[in-house]
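For the numbers below, each heavy atom of this structure counts, side chains included, while hydrogens, waters and symmetry mates do not. Counting starts at 1 for both ligands and their atoms, in listed order. For this chain, numbers begin at 1 and follow the sequence in order.
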Amino acid sequence: MTVNPPSSSSSTIPRGPVTATLNFATPLPAGVQAFNYTSTPPAGQPKTNVVPSPQSVVIQDIRGRESSFTLDHDAFEIVRQVAPSRETEFVDDASIAANYYPEVTRLLLSRIAGSTRVVIFDHTVRRTAGSAARGAVLNVHIDQTASSAAKRVVRHLGPEAEALLQGRYRIVNVWRPLNAGPVESQPLAYASSASLRDEDVLPIEHRYPEGYVGQIAGITYHPGQEWYYLSGMTGDERILLECFDSEALKEGSGVRGGRAAHTAFNDPRTRPDAEGRESIEVRALVFGP
Ligand code: OGA
Ligand code: FE
């Protein structure tokens, strides 16, 4: 793949290494279960017992060396020069599923060696403007844990789950910006999975009103974590963000954790009147080999 600078590169786009504040979680005492109620908590309970811990972190720009990061080592990978999507508006969920999902499936099957099947289970569009819009996430997290990944397989694959759970299964987010030009505000940062220790991962119960309990992970800070972003990301680029890889649980597999902690961040270099970041992330189960 050739490495070209983004076509609309402009001096207002923040580039290069940056020091920014990332919101980590404070470790909890041993034996205390972290939780977060997704809506109103039961009487007498706080909404969450996770205490934020903002830290100033150096985030390196991977622009120009995108291909040195791989799913097996870092749990993230950059894809460049992706053909324009059939979907152009990204406002209607059914249209996104009809037009964009098949493209994401093809991308994952072609980029992930040995993958044989992709099951997309949801997507989130983020826009700064608009009352119903979801914005950027400014907390360091991983979308799933080992137990919630296996639950996903059962939930979406039903009777096939038992057999599929014997093989390799992963959860991968395909993230792209939707801005017309390069991203100038609230880029996504991710830590190389190889630099994240198991003890940095804090499983958090996500308690839904219906009683359903999911699990995500918050991250506690450690100076060994290596943080990255891709400056001025454009609409023909994708981040593959792996949240879980069953192979990482096997001794000697060579997979370094298979989970990329990530968060959006406010870049102190962003112009005050810069356009808000818009993006879509599509979450997929990837099976095989
Ligand atoms: C994700 C995610 C946050 C953001 O894609 O899983 O956490 O601000 N995104 O885009
Ligand atoms: Fe996420």
Side-chain angles (χ1 to χ4, degrees), residues 14 18 20-25 34 36 38 50 52 54 57 59 69 71 74-79 90 93 96 100-101 104 107-108 120-130 132-146 148-149 152 170-179 182-193 196 200-204 206 214-219 225 227-235 237-245 257-267 270 274-286:
V18 61
T21 301
L22 302 186
N23 297 308
F24 292 84
N36 171 45
T38 61
V50 180
V57 173
I59 309 170
F69 300 87
L71 287 183
D74 305 292
F76 68 85
E77 215 169 285
I78 305 297
V79 187
F90 290 96
D93 288 340
I96 290 169
Y100 188 53
Y101 280 18
V104 169
L107 181 83
L108 287 168
I120 294 175
F121 59 87
D122 72 22
H123 71 265
T124 302
V125 174
R126 301 185 191 277
R127 291 192 167 94
T128 313
R134 294 172 71 171
V137 177
L138 294 165
N139 285 312
V140 182
H141 69 278
I142 303 172
D143 298 13
Q144 285 89 16
T145 63
S148 57
R152 277 279 172 199
R170 320 179 212 212
I171 295 185
V172 182
N173 281 7
V174 180
W175 192 101
R176 62 159 288 186
L178 295 173
N179 298 78
V183 168
E184 223 181 314
S185 319
Q186 297 190 312
L188 202 66
Y190 16 87
S192 169
S193 183
L196 190 74
D200 301 341
V201 179
L202 176 75
I204 302 175
H206 233 54
Q215 206 177 56
I216 63 151
I219 303 297
Q225 294 166 5
W227 284 92
Y228 300 101
Y229 80 114
L230 178 63
S231 68
M233 196 172 168
T234 53
E237 296 178 316
R238 306 284 180 272
I239 303 169
L240 310 189
L241 209 55
E242 197 167 65
C243 294
F244 176 77
D245 181 354
R259 73 281 189 258
H262 56 276
T263 179
F265 66 99
N266 287 315
D267 191 319
T270 298
E275 186 183 36
R277 183 253 290 176
E278 302 187 353
S279 60
I280 181 170
E281 71 230 31
V282 175
R283 298 190 169 79
L285 290 160
V286 180

Residue pair [X] / [Y], side-chain heavy-atom distance below 4.5 Å:
X	Y	result
L107	L240	yes
R238	V104	no
F76	N173	no

Polar proximity ligand 1 side, V137 side, N/O cut 3.5 Å exclusive: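 Checking ligand 1 against V137, an N or O pair does fall under 3.5 Å apart.
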Per-residue contact class, T263 against ligand 1 - non-hydrogen pairs under 4.0 Å: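 For T263, there is no contact with ligand 1 at all, from either part.
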Mode of T124 contact toward ligand 1 - side chain, backbone, both, neither (heavy atoms, under 4.0 Å):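 It is neither part, as no heavy atom is under 4.0 Å.
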Identify, for [atom], the protein heavy atom at the shortest distance, and state residue, atom and that distance.
atom	answer
atom 10 (O) of ligand 1	R277 NH1, 2.8 Å
atom 6 (O) of ligand 1	N173 ND2, 2.8 Å
atom 1 (C) of ligand 1	E281 OE2, 3.3 Å
atom 3 (C) of ligand 1	R126 NE, 3.6 Å

Value rounded to 0.5 Å, distance of CD in E184 from CE in M233: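 It comes to 15.5 Å.
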If you measure only the distance, is there a donor-acceptor pair under 3.5 Å linking the side chains of [X] and [Y]?
X	Y	result
D267	Q186	no
S185	R277	no
R126	T124	no

Contact flag C243/the Fe ion (ligand 2), N/O/S atoms, threshold under 2.8 Å: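 So C243 does not bind the Fe ion (ligand 2) by this criterion.
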Short N/O/S contact of D143 with the Fe ion (ligand 2) (below 2.8 Å):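 Of the N, O and S atoms in D143, at least one lies under 2.8 Å from the Fe ion (ligand 2), which means yes.
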Ligand 1 contacted by Q186 (non-hydrogen, < 4.0 Å):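 It does not, in that no heavy atom of Q186 comes within the 4.0 Å cut-off of ligand 1.
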Just jot down the ligand 1 atoms closer than 4.0 angstrom to any heavy atom of [X], in number order.
X	answer
H141	7 (O)
A136	8 (O)
D143	6 (O)
A264	8 (O)

Closest approach of D122 to Y101 (non-hydrogen atoms, all atoms of both residues):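 Taking D122 first and Y101 second, the nearest heavy atoms are C-OH, 3.7 Å.
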Heavy-atom closest pair, residues I142 and A261: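 What the structure gives for the nearest pair is CG1-CA, 3.7 Å.
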